[in-house]
Amino acid sequence: MPVEVLEDKVILKDSKGSSAEVYYFGATVTSWKYRGKELLFLSKKSLLDGTKGIRGGIPIIFPQFAKATDSSAETAALPQHGLARISKFEWNGVSVDNESEVSVRFGLNNSQVPENLQKDWPKKFKLIFTVTLNDDTLKTNLSVKNEDTAPFDFNVLLHTYYSVPDISKVSVEGLQNISYIDKVKNFITVVDNDKSVKFTQETDRIYGNAFLLQRINLKDSVVWNPWIDKAKGMSDFDDDEYKQMICVEPGHVAEYIILKSEESWEGGQIIQYKH
Ligand SMILES: O=P(O)(O)OC[C@H]1O[C@H](O)[C@H](O)[C@@H](O)[C@@H]1O
């Protein structure tokens with residue numbers, strides 16, 4: 001059976017032994033295993049009961065990344081990282097199920113969002129999140145439809161937490177000569193001349209127009225590791241877990257996307273495990 005539909009999550013299984021798990025809460029992918037090997041990081045302290053955003057996997061960030069810096073932004077009243085990761089999506093069923101690929105869908109519209117968040121961002125919208133598993137490849141695709149009568153602005157990001165055996169041995173390539181905003185150093189703009197990014201301290205950077213993974217319509221990249229002090233301050237993250245994860249997050253966050261009434265936007269990422 002390639003798709004197991006449970007009370008709180010859906011499990012996708014590939015014929016060669018790969019699998020993925022997606023919670024309805026936030027439509028958060030919490031596990032992606034290549035033939036049994038876990039590739040995503042999920043904190044052992046993460047809550048999975050819908051009382052807090054899931055700490056790990058691939059939370060969907062929409063319609064605001066971080067907190068809006070401009071108090072006049074339409075999304076200014078929303079909490080950090082918006083509403084999608086803390087809303088329960090509906091199960092929209094299996095869309096593809098064949099020898100090589102299994103694909104499932106989750107939906108969220110404005111009326112399914114907790115009421116306080118509806119007030120914070122009173123827009124009519126519809127999200128469809130599609131997760132596709134195919135042996136060594138995971139695709140996550142989001143479509144956003146504006147069902148309101150006026151345009152709205154949004155950010156979007158796939159906050160992907162990768163599991164790594166040892167952060168001191170990790171490097172992220174493909175960001176050379178791209179300027180980034182350094183959130184750890186007061187949001188200064190820096191151009192990266194190094195061939196790869198290595199991790200020896202708290203790292204929190206927004207790269208504009210980077211192409212790191214195969215991505216569709218997501219031109220920015222956030223690279224994040226909380227390191228020691230920040231890890232200690234997070235209640236849903238174990239003190240030492242910063243050594244076992246790295247976030248590389250494709251998104252559209254440096255500017256807002258403006259979506260007109262009745263129009264749709266679509267974007268996503270394709271991650272392939274090199275084995
Ligand atoms: O703690 P959270 O709200 O999940 O945010 C976790 C992290 O997300 C992104 O990577 C941001 O760039 C970081 O500044 C933030 O700390």
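Counting starts at 1 for both ligands and their atoms, in listed order. Numbers here are sequence positions counted from 1.
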**Prompt:** Is F65 touching ligand 1 with its side chain, its backbone, both, or neither, if touching means heavy atoms under 4.0 Å apart?
**Reply:** side chain
**Asked** When you measure from atom 10 (O) of ligand 1 to every protein heavy atom, which one gives the shortest distance, and what is it?
**Response** E249 OE2, 2.9 Å
**Message:** For atom 1 (O) of ligand 1, what is the closest protein heavy atom, and at what distance to 0.1 Å?
**Reply:** R55 NH2, 3.0 Å
**Asked** Salt bridge between R35 and D135, side-chain N to carboxylate O under 4.0 Å?
**Response** yes
**Fill in**
Taking only non-hydrogen atoms of D204 and a 4.0 Å limit, the atoms of ligand 1 in range are 11 (C), 12 (O), 13 (C), 14 (O)
**Item:** SB check E147 K126 (cutoff 4.0 Å)
**Value:** no
**Request:** May I ask you to identify the nearest protein heavy atom to atom 11 (C) of ligand 1, giving residue, atom name and distance to one decimal place in Å?
**Result:** K183 NZ, 3.5 Å
**Request:** Begin with the C-alpha distance, continue with both residues' side-chain angles, and end with the deciding distance and a verdict on side chain to side chain contact (heavy atoms under 4.5 Å, CB included) for F152 and V144.
**Result:** CA-CA 11 Å; F152 63 62; V144 181; 4.3 Å; yes
**Request:** Would you indicate which of K67, H81, K52 comes nearest to atom 5 (O) of ligand 1 when only heavy atoms are counted?
**Result:** H81
**Item:** Whether H81 and H159 hold their rings parallel, tilted or perpendicular, with breakpoints at 30° and 60°
**Value:** perpendicular
**Request:** Report yes if the distance between the aromatic ring centroids of F62 and W121 is under 6.0 Å, otherwise no.
**Result:** yes
**Item:** Which of the ligand 1 atoms, numbered from 1, are nearer than 4.0 Å to a heavy atom of V222
**Value:** 10 (O), 12 (O)
Could you list the donor-acceptor pairs under 3.5 angstrom formed by side chains in residues 253-260, with sequence neighbours left out?
residue: Y256; atom: OH; partner: Q64; partner atom: OE1; Å: 2.6
residue: Y256; atom: OH; partner: T75; partner atom: OG1; Å: 3.3

**Asked** At what distance is the nearest protein heavy atom to atom 16 (O) of ligand 1, and which residue and atom is it?
**Response** K230 NZ, 3.3 Å
**Asked** Looking only at protein heavy atoms, which one is nearest to atom 6 (C) of ligand 1, and how far off is it?
**Response** W224 CH2, 3.5 Å
**Prompt:** Does the distance from a Lys or Arg side-chain N to an Asp or Glu carboxylate O, for K123 and D148, drop under 4.0 Å?
**Reply:** no
**Part of R85 with heavy atoms under 4.0 Å of ligand 1, whether side chain, backbone, both or neither** = side chain
**Stepwise side chain to side chain contact (heavy atoms under 4.5 Å, CB included) check, L78 with L117** = CA-CA 7 Å; L78 283 169; L117 297 171; 4.3 Å; yes
**Request:** Could you check atom 8 (O) of ligand 1 against the protein and tell me its nearest heavy-atom contact, residue, atom and distance included?
**Result:** H159 NE2, 2.8 Å
